[in-house]
There are 2 protein chains.
Amino acid sequence: MILSKSCEYAIRATVYVALKSRKNEKTGIIEVAEAIGSPMHFTGKILQTLVRKKILSSAKGPTGGFYVENGQDLFLIDIVRAIDGNGLFTSCVLGLESCSETQPCPMHEQVKPIRDLLMAEFSKKPVTGLVEEFQQHKYFLK
Amino acid sequence: MILSKSCEYAIRATVYVALKSRKNEKTGIIEVAEAIGSPMHFTGKILQTLVRKKILSSAKGPTGGFYVENGQDLFLIDIVRAIDGNGLFTSCVLGLESCSETQPCPMHEQVKPIRDLLMAEFSKKPVTGLVEEFQQHKYFLK
DNA sequence: ATAATAAAAGATAAATTTATCTTTTATTAT
DNA sequence: ATAATAAAAGATAAATTTATCTTTTATTAT
């Protein structure tokens, strides 16, 4: 596990909502959960966090649902940060509080560039890219 | 978090036990836990797993304790595998069951080499290296 | 104004990981 | 044989993550 299960759901949910938003459609929790194979209530919680963190937007009421704002420039890293925070990229792989750049643990030098690589890959993956590949049936969301 | 907390403890415990083994000394749970700053009973559990997985050896009784067998060629990856398994290197970063080499998710191609890099770094780090750096006070274990 | 809809929020529960406690088993020294 | 020691094993508890349920709030359509 690199990412938490919540984060995995969040990514897939965002892709699905973004795809629907291209057709100017808002998506409800039930449909999102069904689409990504996750528990409905829990998905609702995650979607709420994404709204709070400005990744997604939402509307209440009979014409409500979740959507991506037009012109929103989202990258995979934004979702990862919104749900899991920065721990993946910053905490010591040996679990040492004292580990830092100035006082590195024995694996710091080897692991840091790998983490930076991972962050770089997440940072350059636009959500629109994930949406397009999904639309072309290159992968599923469950 | 790349590794679980249990795994972080396991690595540090192994380093400490290995250092003591160089002086032909066995180490008890209480001392290990104190040295690595972890809860004693939980540390005992982790050490037991390490024994079961043949990373460490143990002896009961008044002269008992944990130790590393002479000639044991340990690498960081051995500990990681013993405690956390292979999930870190194999499961899909988007959490998709259907993701595989033949049916890759959109991040598969970017993430797989990074994971392989990580596995490679863990695979080439001997525990003896970690022990030596610890002995030279290059880092602490808590 | 009311009813229906859907998100938001709060509460509760289950599963999992981490942590703590107690008893049993094995070994050594006397 | 007995006492002491330390790991091993099993049980229990607490913390955290994942999952489920209920109520409240906000919005639209009638």
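Just so we're on the same page: letters track the sequence lines, and every chain starts at 1.
- Atom CD in B:E25 sits roughly 14 Å away from atom P in D:dA6 (whole-Å rounding).
- Pairing partner, D:dA26: C:dT5, with both Watson-Crick or wobble hydrogen-bond distances short of 3.5 Å.
- Note: B:Y139 and B:F134 meet the aromatic proximity criterion, with ring centroids under 6.0 Å apart.
- Within 4.0 Å (heavy atoms only), A:I29 reaches sugar-phosphate atoms of the nucleic acid but no base atom.
- A salt bridge is absent between B:E133 and B:K138: the closest approach of a Lys/Arg side-chain nitrogen to an acidic carboxylate oxygen does not fall below 4.0 angstrom.
- Within the 4.0 Å cut-off from OP1 or OP2 of C:dT18, at least one side-chain nitrogen or oxygen of B:S6 is found.
- OP1 or OP2 of D:dA19 has not a single side-chain nitrogen or oxygen of A:S38 nearer than 4.0 Å.
- Ranked by how close their nearest DNA chain D nucleotide is to the 5' end, A:S4 and A:A59 are led by A:S4.
- Distances were taken from every side-chain heavy atom of A:F66 (C-beta onward) to each of D:dA29, C:dA8, D:dA8; the shortest belongs to C:dA8.
- A straight line from NE2 of A:H41 to C1' of D:dT17 spans 18 Å, rounded to a whole angstrom.
- Note on A:E31 versus A:K20: salt bridge recorded, some NZ/NE/NH1/NH2 to OD/OE distance being below 4.0 Å.
- In this structure, A:L50 places its CG atom 14 Å from C1' of C:dA7, rounding to the nearest Å.
- Between the P atom of D:dA26 and the CD atom of A:Q48 lies a distance of 14 Å, rounded to the nearest Å.
- Atoms CZ and CD1, on B:F140 and B:I36 in that order, are 16.0 Å from each other to the nearest 0.5 Å.
- Figure legend. D:dT20 is base-paired to C:dA11; pairs are counted as Watson-Crick or G-U wobble with both atom distances under 3.5 Å.
- With hydrogens and angles ignored, no donor-acceptor pair under 3.5 angstrom links the side chain of B:K5 to the base of C:dT18.
- Using a 4.0 Å cut-off between charged side-chain N and carboxylate O, A:E101 and A:K112 make a salt bridge.
- Relative to the side chain of A:K60, the nucleotides D:dA8, C:dA8, C:dT20 differ in distance, and C:dA8 lies closest.
- Closest approach of B:L130 and B:K125 over heavy atoms only: CD2-CE, 3.8 Å.
- Within 4.0 Å (heavy atoms only), A:T27 reaches sugar-phosphate atoms of the nucleic acid but no base atom.
- For C:dA6, neither phosphate oxygen OP1 nor OP2 lies less than 4.0 angstrom from any side-chain nitrogen or oxygen of A:T63.
- Regarding A:K26, its NZ atom lies at a distance of 14 Å from the C1' atom of D:dA26, rounded to whole Å.
- The residue among A:P62 and A:G44 whose nearest nucleotide of DNA chain C lies closer to the 5′ end is A:P62.
- When distances run from any side-chain atom of B:Y9 to the nucleotides C:dT28, C:dA19, D:dA29, the shortest one goes to C:dA19.
- Remark: C1' of C:dT17 and CG of B:L3 are 15 Å apart, rounded to the nearest angstrom.
- Distance A:F42 CZ to D:dT16 P: 16 Å, rounded to the nearest Å.
- The separation between A:E31 atom CD and C:dT5 atom P is 16 Å, rounded to whole Å.
- Out of D:dA19, C:dT20, D:dC21, the shortest distance to the side chain of B:K45 is found at C:dT20.
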